[in-house]
Amino acid sequence: MSEARRAITARALPATLLLLAACKPPPEGRHHMPGADAAAGRAIVERAACGSCHAFPGLGWPRGTVGPALDGFADQTLISGRVPNRPDLLAAFVRNAPAVVPDTAMPPIPITEEEARDVAAYLYTLDGD
């Protein structure tokens with residue numbers, strides 16, 4: 001390898017490693033939602049009849065099959081297979097899915113922004129363990 005090529009590689013390697021590290025979600029707190037209430041989110045899921053389309057662990061009825069089962073949701077990388085599973089995007093998706101993923105079958109849900117954050121916090125309790 002030429003001296004010039006070695007110098008370029010030496011300069012590019014740290015930047016490449018930094019970019020690769022930035023692609024991985026942080027191991028802890030990636031779904032941190034300050035001020036959101038997961039217990040209230042579960043109650044909203046029940047009240048809004050989200051179980052009509054989705055199956056939720058611990059909710060016996062209804063157990064919908066139109067949308068995906070949501071057990072293990074916290075471990076998913078993408079929301080609706082399309083957008084990164086981040087708290088801000090999840091809360092927006094829960095409230096108005098077509099605004100986030102235009103061709104989704106999930107309808108807008110008549111809940112407030114705060115309620116959507118609570119539902120998102122509840123969904124993040126649904127891990128695969």
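Hydrogens, waters and symmetry mates play no part in the numbers below; they use all other heavy atoms, side chains included.
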Take Ile111 and Ile44, measure what side chain to side chain contact (heavy atoms under 4.5 Å, CB included) needs, and give me the verdict at the end.
CA-CA 9 Å; Ile111 58 176; Ile44 294 161; 4.1 Å; yes
Ion pair present between Arg95 and Glu114, side-chain N to carboxylate O less than 4.0 angstrom?
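Judged by the 4.0 Å cut-off on N to carboxylate O distance, Arg95 and Glu114 do not form a salt bridge.
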Which pair of non-hydrogen atoms, one from [X] and one from [Y], has the smallest distance, and what is that distance?
{"X": "Asn85", "Y": "Ala74", "result": "ND2-O, 4.3 Å"}
{"X": "Pro84", "Y": "Leu89", "result": "O-CD1, 3.5 Å"}
{"X": "Arg82", "Y": "Val101", "result": "NH1-CG1, 3.5 Å"}
{"X": "Pro87", "Y": "His32", "result": "CG-O, 3.9 Å"}
{"X": "Ala91", "Y": "Ala116", "result": "O-CB, 3.4 Å"}
{"X": "Asp118", "Y": "Ala40", "result": "OD2-CB, 3.8 Å"}

Got a sec, which residues hit salt bridge (charged side-chain N to carboxylate O under 4.0 Å, His left out) with Glu46, two or more places apart in sequence or on another chain?
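For Glu46 the salt bridge (charged side-chain N to carboxylate O under 4.0 Å, His left out) partners, ignoring immediate neighbours, are Arg42.
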Mind checking the [atom1]-[atom2] spacing from [X] to [Y]? Nearest 0.5 Å is all I need.
{"X": "Arg86", "Y": "Leu78", "atom1": "CZ", "atom2": "CG", "value": "11.5 Å"}
{"X": "Asn96", "Y": "Phe93", "atom1": "CG", "atom2": "CZ", "value": "10.0 Å"}
{"X": "Met33", "Y": "Asp88", "atom1": "CE", "atom2": "CG", "value": "8.5 Å"}

Intermediate values then yes/no, side chain to side chain contact (heavy atoms under 4.5 Å, CB included), Asp75 and Leu126:
CA-CA 8 Å; Asp75 300 326; Leu126 307 178; over 6 Å; no
Give every donor-acceptor pair under 3.5 Å between a side-chain atom in residues 48-57 and any protein atom, sequence neighbours left out.
from, atom 1, to, atom 2, distance (Å)
Ser52, OG, Ala49, O, 3.1
His54, ND1, Pro68, O, 2.8

Could you please spell out the steps behind the side chain to side chain contact (heavy atoms under 4.5 Å, CB included) verdict for Thr125 and Phe73?
CA-CA 8 Å; Thr125 69; Phe73 182 83; over 6 Å; no
Just by distance, no angles: are the side chains of Asp37 and Tyr122 close enough, under 3.5 Å, to form a donor-acceptor pair?
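Side chains of Asp37 and Tyr122: no pair found under 3.5 Å.
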Below 4.5 Å, heavy atoms only, C-beta onward: do Pro107 and Pro98 meet side chain to side chain?
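Heavy-atom side-chain distance check fails, nothing below 4.5 Å.
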